[in-house]
Amino acid sequence: MSKVILLGAGGLAREALDSIEACQRAGQDIEPIGFIDADAALWGQEINGLPVLGGLEWFDAAPGRREIPLIAAIGSPRSRQHMVREALRRGLRFISLIHPAAHISSWARLGTGVVVMSSTVVENRAVLGDFVVVNALCMVAHDVRIGAFCTLAPGALLAGGTRLCEGVDFGIGAATRQGVTIGSGAVIGGQAMIVEDVPANAVVVGVPGRVMRYMTPAWEEE
Ligand SMILES: CC(C)(COP(=O)(O)OP(=O)(O)OC[C@H]1O[C@@H](n2cnc3c(N)ncnc32)[C@H](O)[C@@H]1OP(=O)(O)O)[C@@H](O)C(=O)NCCC(=O)NCCS
């Protein structure tokens, strides 16, 4: 079996585990062996029957461990970017996790280390950048471009041609008008309707979406 380790041991990682089980039921060769998390209080604990192996240092302790790929299963774009950068610095590698009940157009393009959960639809010529997380029940319409490290919460609806720059945290049940651009590091509140471009690092809520405040520190570009 092809072993894999989840980076993160929170709610998203447990959901990713469910997706891995669905992949196994669909006949994929994949075997999760545990979680890696920065929180030392979790090390040694068992979650859903699998151990929290330790922090990224775990990979240094024995030869061969570095060969086991990671799945980036941390919900927050900022925390995920931080941990993925650390992992890449150590020479670790990532694979993508696509739930078998997600519909991905054969004309869509997916980057490295992407996670796509159940019942999501990714349409024609949509582009998902590296380490993007798309939760369950999302709609990514034709020609949408999603930058690296963005997270779509469950039920997000991105209309055709929407552009998300890097590290956008797109809230539960929020939606966009076709063609809008959302700046890097922006946070879109749950159920917001985005009808015009959003500046970088803005926190936007409401229908229509309005800037409520700005994130500090600002998103750090790759
Ligand atoms: C937008 C958001 C990031 C704001 O968080 P915050 O800065 O901690 O905001 P607060 O909870 O302090 O609320 C500030 C104000 O905004 C309002 N508000 C918060 N979220 C809102 C939303 N989604 N839509 C409309 N108003 C919202 C609050 O009612 C409050 O209003 P008040 O000042 O009149 O009392 C957050 O509420 C949110 O919607 N996050 C998305 C969560 C999500 O998608 N989770 C998915 C996990 S899988």
Side-chain angles (χ1 to χ4, degrees), residues 4-23 30 32 35-38 47-48 69-88 92-105 108-123 126-141 144-158 162-176 182-190 192 194 215 219-222:
V4 70
I5 291 176
L6 291 152
L7 183 61
L12 187 79
R14 281 185 286 114
E15 289 187 3
L17 205 51
D18 291 338
S19 292
I20 291 173
E21 285 175 10
C23 290
I30 182 168
F35 304 88
I36 292 289
D37 200 282
I47 298 175
N48 286 18
L70 286 157
I71 290 170
I74 298 170
S76 150
R78 286 164 194 257
S79 307
R80 188 163 70 253
Q81 185 198 46
H82 175 74
M83 288 297 282
V84 164
R85 277 181 175 176
E86 287 292 313
L88 293 175
L92 303 176
R93 67 189 176 92
F94 286 83
I95 59 167
S96 292
L97 173 64
I98 312 295
H99 193 292
H103 168 81
I104 314 275
S105 162
R109 279 196 288 123
L110 272 53
T112 304
V114 165
V115 172
V116 182
M117 300 297 195
S118 177
S119 308
T120 271
V121 178
V122 178
E123 287 286 14
V127 179
L128 272 55
D130 295 344
F131 305 107
V132 162
V133 168
V134 183
N135 273 279
L137 294 165
C138 292
M139 173 67 191
V140 178
V144 167
R145 284 177 294 153
I146 303 181
F149 296 107
C150 289
T151 299
L152 302 192
L157 303 172
L158 300 183
T162 295
R163 179 173 177 224
L164 269 56
C165 300
E166 261 189 34
V168 173
D169 200 351
F170 198 90
I172 192 159
T176 63
I182 300 181
S184 57
V187 176
I188 308 301
I194 306 302
M215 295 292 290
W219 176 262
E220 214 183 302
E221 293 282 350
E222 277 294 90

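Each residue takes its place number in the sequence, starting with 1.
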Which atom names give the shortest non-hydrogen contact between [X] and [Y], and what distance separates them?
X    : Y    : value
E220 : E166 : O-OE1, 4.2 Å
S96  : G113 : OG-N, 3.3 Å
M117 : S19  : SD-OG, 3.3 Å
A87  : L70  : CB-CD1, 4.1 Å
A73  : L12  : C-CD2, 3.5 Å
H99  : A101 : ND1-N, 2.8 Å

Would you give the length of the straight line joining atom [atom1] of [X] to atom [atom2] of [Y], rounded to the nearest 0.5 angstrom?
X    : Y    : atom1 : atom2 : answer
L110 : I104 : CG    : CD1   : 5.5 Å
L92  : I36  : CG    : CD1   : 9.0 Å
R163 : I182 : CZ    : CD1   : 11.0 Å
L128 : T112 : CG    : OG1   : 12.0 Å

Would you mind reporting whether [Y] and [X] have side-chain heavy atoms less than 4.5 Å apart?
X    : Y    : result
L6   : I20  : yes
T120 : V122 : yes
I5   : P69  : no
L7   : F131 : no
C23  : E21  : no
I47  : R14  : yes
M215 : V187 : yes
V84  : F94  : yes

Query raised in the report: Parallel, tilted or perpendicular: which describes the rings of W219 and F149, with under 30° parallel and over 60° perpendicular?
Result: tilted
Report task. For side-chain contact (heavy atoms from CB on, under 4.5 Å), just list the numbers for L158 and L152, CA-CA rounded to whole Å, side-chain angles, deciding distance to a tenth of an Å, and then say yes or no. Result -> CA-CA 9 Å; L158 300 183; L152 302 192; 3.8 Å; yes
Query raised in the report: If you measure only the distance, is there a donor-acceptor pair under 3.5 Å linking the side chains of T151 and R80?
Result: yes
**Report entry** Derivation of the side-chain contact (heavy atoms from CB on, under 4.5 Å) call for V134 and V114
**Finding:** CA-CA 8 Å; V134 183; V114 165; 5.7 Å; no
Report task. Test side-chain contact (heavy atoms from CB on, under 4.5 Å) on V116 and N135 and set out the steps. Result -> CA-CA 6 Å; V116 182; N135 273 279; over 6 Å; no
Query - Within 6.0 Å of CZ in R109, more than 12 heavy atoms from elsewhere - result: no
Requested in this report: Please lay out, stage by stage, how V140 and V121 fare under the test side-chain contact (heavy atoms from CB on, under 4.5 Å).
Outcome: CA-CA 6 Å; V140 178; V121 178; over 6 Å; no
Requested in this report: Output yes when a side-chain donor or acceptor of D130 lies under 3.5 Å from a complementary backbone atom of G111, and no otherwise.
Outcome: no
